[in-house]
Amino acid sequence: MDFSKQLILWYLQNKRDLPWRKDTNPYQIWLSEIILQQTRISQGIPYYFKFIRKYPTIFDLASAEEDEVLKLWQGLGYYSRGRNLHHTARYITTHFNGIFPNDFKTLKKLRGIGDYTASAISSICFNQAHAAVDGNVQRVLARFFNINTPVNSTKGIKYFKELAQELIDPAQPGTYNQAVMELGALICTPKNPQCTVCPLQEACKALKHKTIEIIPVKEKKIRRRKRFFNFLVFNINNSSTLLVKRTEKDIWQNLFQFPLIETKNEAGLKDIVQSDLLNNLIGTNEITVEQQNFKPLVHKLTHQDIQIQFWVIKTQTTLKNAIKWKNVINFAVPTPIDNFIKSYQK
DNA sequence: GACACGTGGGG
DNA sequence: TCCCCAAGTGT
């Protein structure tokens, strides 16, 4: 029996009962695929339910404001996914009458839909034979054929795509794609793969050559830069505060935060009190500034190490654009800000 | 084409 | 603790 037949047989008996596997409605498949990009299923599932509940159709999503969509996306990370999801919902609504395009090429042109997602949607929803190649697929194929080409190199990406495309079962491409990914997620895992129960164990070359531990090969490691964020948490008459939107092309784009002073090194009270930002906001009015957390909070991102300091500014002054504390929960904020808000007692 | 973009869980 | 990584995409 060949690779895809064996795999599909195993898949049909072992697949998980996931919420987006109930039918092949392209809206729901699309939503699940976007949510699952670089994201664990357990982390994505609650968001999938939240979105389906609030936006049952693509029209509901298209009608929403971006701020509202980002609020629902809050905590999931990679926020461009949320922005692109919303953008594409509007695009499909206005250009295609809300009907999802059913071919790979058109799908791939949509914002937030790359080669993988276009393949996944076109195969699962429209039965087109496009191999969906994600990290799971690369790992399964690299091991099964014992290939040491780095999976994240240009050469590797091209190679594994072609290989997967050769192996696809054109009669059931969607099932095939999900079968490879499911095997990668449940059996052929990055660490401690369950080779003894793998349906492909007899023909697996990495198992035979004892290279399971070193394949797949990945090249280059990322380096983290350090940043220092000082958030000015205004507490105005114990009832209001200030939030501003992050509009620049940077992390957390279009999310809200407390007014920020970014410094080259760890800041002290003097740096804050003498800052232009604070003085422009507060003028000559009376304030008290308190350092909220004694030790900077370290928030680790993939490429950044952010040391965060919250400075509480108490004042009686009425500030422009102040927001009632009880309304703060309506704004999409980065996770460290959300954590602060939840723990902060006025 | 290399790099940036989040968060949380596991070893 | 720290590093890896998880259904990738955009620039």
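Fair warning: this is a prediction, and the values are worked out from it, not measured in the lab. So you know, we letter chains A, B, ... as the sequences are listed, proteins then strands, and number each from 1.
Nearest nucleotide to the side chain of A:E33, out of C:dA7, B:dG10, B:dG6: C:dA7. Each of B:dG6, C:dT11, C:dT9 was ranked by its minimum atom distance to the side chain of A:K249; first place goes to C:dT11. Candidate nucleotides B:dG11, B:dG8, C:dG8 were compared by shortest atom distance to the side chain of A:K191, and B:dG11 ranks first. The side chain of A:A185 lies closest to C:dA7 when the candidates are C:dA7, B:dA4, B:dG6. Picking from B:dC5, B:dA2, B:dG8 the nucleotide with the shortest atom distance to the side chain of A:Q304 gives B:dC5. If you check B:dG11, B:dT7, C:dA7 against the side chain of A:P336, the one that comes closest is B:dT7.
Between the side chain of A:T302 and the base of B:dG6, a donor-acceptor pair under 3.5 Å is found. Side-chain to base pairing of A:R81 with B:dC5: no donor and acceptor N or O lie closer than 3.5 Å to each other. Between the side chain of A:Y116 and the base of C:dG8, no donor-acceptor pair under 3.5 Å is found.
Among the atoms of the strands shown, base atoms are found under 4.0 Å from some heavy atom of A:R21. Counting any heavy atom pair closer than 4.0 Å across all strands shown, A:G75 reaches sugar-phosphate atoms only and no base atom. Within 4.0 Å (heavy atoms only), A:I41 reaches at least one base atom of the nucleic acid. Looking at heavy-atom distances under 4.0 Å, A:L110 makes contact with sugar-phosphate atoms alone, never a base. A:W30 comes within 4.0 angstrom of nothing in the nucleic acid, heavy atoms only. Within the 4.0 angstrom heavy-atom criterion, no nucleotide atom of any strand lies near A:N177. Among the atoms of the strands shown, none is found under 4.0 Å from any heavy atom of A:R225. Within the nucleic acid shown, A:L301 comes within 4.0 Å of at least one base atom, counting heavy atoms only.
Aromatic pair A:F258/A:F234: centroids not less than 6.0 angstrom apart.
For the pair A:L18 CG and C:dA6 P, the computed distance is 17 Å after rounding to whole Å. With rounding to whole Å, A:E213 atom CD is found 13 Å from B:dG11 atom P. As rounded to whole Å, 10 Å separates atom C1' of B:dC5 from atom CD of A:Q253.
The phosphate of B:dG1 (OP1 or OP2) has a side-chain N or O of A:T154 nearer than 4.0 angstrom.
No salt bridge links A:D67 with A:K71; every basic N to acidic carboxylate O contact stays at or beyond 4.0 Å.
By the 4.5 Å heavy-atom criterion applied to side chains, A:L319 and A:L242 are counted as neighbours.
Under a cutoff of 6.0 Å and an axis angle of 45°, A:K50 and A:Y47 form a cation-pi pair.
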